[in-house]
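Here the structure comes first, spelled out in structure tokens, and everything after it is commentary.
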Amino acid sequence: MPQMSQVLRERAIGMLIAGMSTRAVARELNVHFSTISRLQRGFREFGSTSNRPHNRRPRVTTPVQDLYIQHVHLQNGLRPATQTAAETIGLHNNRISAETVRNRLREAHLHARRPHRGLDLTPVRPPNRLEWANAHMRWRLARWRGVLFTDESRFTLFRADDRQRVWRRVGERFSDVNVVDRVAHGGGGVMVWAGICYGRRTQVHFIDGILNAQRYCDEILGPIVVPYIQQHHLMLQHDNARPHVASCCIIS
């Protein structure tokens, strides 16, 4: 509802001073009685009919619209704020901005975070995983001691994905606390492979470049894994990565 003009405010105060009730003045001026009540209370406290000055912008969404914004983003976390802003009409039939949507989400403690990268599972993989879990769920420590777990990981020396966020005020972009050091082209990284079992571990192997099936077979599986599992009488358990399950890596 639009705000009352200064003329209507002064007229309402005059009618109240003349002895009319709050509801009677509201009916006469065609406004809600709570508007007249707030106007009367403000006149008693401050002796003025004008709006009190404040530093914040007027709110452009209703509580119902705030709940709608939260609801659609909880249903679809990948939904952009610009799309919600385009589909939401604020007060006085005005369009709202994407920053307004983000502000309402922050008020509900909803913040932008990177999505979890899940595996693209085919229809066959979930049943296979369930079958493996059911077959091993009753294994005791004595049986797990005979399993060798292996994996490789890549470690980057500098963050270069441009997705790290900082909270800052306007004008503090170049402050030391808001600057992340980086070098051109990511600064390089290193990939390492290792295996662990109960109470023991293999040697750490550094991989220069990309690990494919042939390199996995020639540099890791043959010279490191096979002698190690034969020496300690272990069973190999890997993560079914493509280099691990290639035909050239199958041990006869």
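For this chain, numbers begin at 1 and follow the sequence in order. The model shown is predicted, which means the values in this text are computed figures rather than measured ones.
A pairwise comparison of heavy atoms in Ala98 and Thr82 identifies CB-CG2, 3.8 Å as the closest pair. Of all the heavy atoms in Pro123 and Pro127, the pair that sits closest is O-CD, 3.2 Å.
Distance check, rounded to the nearest 0.5 Å: CD1 of Ile69 to CG of Leu105 gives 7.0 Å. Distance check, rounded to the nearest 0.5 Å: OG1 of Thr22 to CZ of Arg27 gives 10.5 Å. Between atom CD of residue Gln40 and atom CE of residue Met15 there is a gap of 12.5 Å, rounded to the nearest 0.5 Å. Atom CG of Leu110 and atom CZ of Arg102 lie 14.0 Å apart (nearest 0.5 Å). Taking CD1 of Ile89 as the reference point, atom OG1 of Thr62 lies at 12.0 Å (rounded to 0.5 Å). For the atom pair CZ of Arg104 and OG1 of Thr61, the computed distance is 3.5 Å after rounding to the nearest 0.5 Å.
Under the ring pair (Phe, Tyr, Trp, His ring centres under 6.0 Å) criterion, Tyr228 pairs with His232, sequence neighbours left out. With sequence neighbours excluded, no residue forms a side-chain contact (heavy atoms from CB on, under 4.5 Å) with Pro227. Shown here are the salt bridge (Lys or Arg N to Asp or Glu O under 4.0 Å) partners of Arg106, two or more places apart in sequence or in another chain: Glu99. The side-chain contact (heavy atoms from CB on, under 4.5 Å) search around Ser153 returns Phe155, not counting sequence neighbours. Residues forming a salt bridge (Lys or Arg N to Asp or Glu O under 4.0 Å) with Arg79 (at least two apart in sequence, or on another chain): Glu87. Partners of Ala86 by side-chain contact (heavy atoms from CB on, under 4.5 Å), not counting sequence neighbours: none found. The side-chain contact (heavy atoms from CB on, under 4.5 Å) test applied to Phe149 returns Trp144, Val147, Ile196, Gln237, not counting sequence neighbours. Every residue two or more places apart in sequence or in another chain was checked for a salt bridge (Lys or Arg N to Asp or Glu O under 4.0 Å) with Arg9, and none qualifies.
More than 12 heavy atoms of other residues, nucleotides or ligands lie within 6.0 Å of CZ in Arg200, so this atom counts as buried by the packing criterion. No more than 12 heavy atoms of other residues, nucleotides or ligands sit less than 6.0 Å from atom NE2 of His71.
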Please step through side chain to side chain contact (heavy atoms under 4.5 Å, CB included) for the pair Thr202 and Thr150, ending with a clear verdict.
CA-CA 9 Å; Thr202 66; Thr150 65; 5.8 Å; no
Intermediate values then yes/no, side chain to side chain contact (heavy atoms under 4.5 Å, CB included), Val60 and Gln65
CA-CA 10 Å; Val60 296; Gln65 292 167 341; over 6 Å; no
Stepwise side chain to side chain contact (heavy atoms under 4.5 Å, CB included) test for Val64 and Tyr68:
CA-CA 6 Å; Val64 175; Tyr68 168 77; 5.8 Å; no
Determine, stepwise, if the pair Val192 / Glu152 fulfils side chain to side chain contact (heavy atoms under 4.5 Å, CB included).
CA-CA 6 Å; Val192 296; Glu152 59 276 341; over 6 Å; no
side-chain hydrogen bond (donor to acceptor under 3.5 Å, both in side chains) between Ser97 and Thr100, worked out:
CA-CA 5 Å; Ser97 64; Thr100 298; 3.0 Å; yes
With a 3.5 Å cut-off and sequence neighbours excluded, list the donor-acceptor pairs that the side chains of residues 209-224 form with protein atoms.
from	atom 1	to	atom 2	distance (Å)
Asn212	OD1	Gln214	N	3.4
Asn212	OD1	Arg215	N	2.8
Gln214	NE2	Asp218	OD1	3.2
Gln214	NE2	Asp218	OD2	3.0
Arg215	NE	Glu219	OE2	2.9
Arg215	NH1	Asp208	O	2.7
Arg215	NH1	Ile210	O	3.1
Arg215	NH2	Asp208	O	3.1
Arg215	NH2	Glu219	OE1	3.3
Arg215	NH2	Glu219	OE2	3.3
Glu219	OE1	His205	NE2	3.4

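Screening residues 224-233 for salt bridge (charged side-chain N to carboxylate O under 4.0 Å, His left out) gives no qualifying pairs among residues at least two apart or on separate chains. Among residue pairs with one or both ends in residues 121-141, none qualify as salt bridge (charged side-chain N to carboxylate O under 4.0 Å, His left out); sequence neighbours excluded. Counting only residues at least two apart or on different chains, no salt bridge (charged side-chain N to carboxylate O under 4.0 Å, His left out) pair has a member in residues 230-243.
The cluster map of Ile, Leu, Val, Met, Phe, Trp and Tyr, joined by side-chain heavy atoms under 4.5 Å apart, puts Ile36 and Ile17 in the same cluster.
Trp132 and His136 have parallel rings, their planes meeting at less than 30° on a 0 to 90° scale where 60° marks the start of perpendicular.
Residue Tyr198 forms a side-chain contact (heavy atoms from CB on, under 4.5 Å) with just one option from Leu234, Leu148, Leu141, and that option is Leu141. Considering Thr88, Thr84, Asn103 in turn, Thr88 is the only one that fulfils the side-chain contact (heavy atoms from CB on, under 4.5 Å) rule with Ile96.
Residues Val101 and His73 have side chains in contact (heavy-atom distance under 4.5 Å, counting atoms from C-beta outward).
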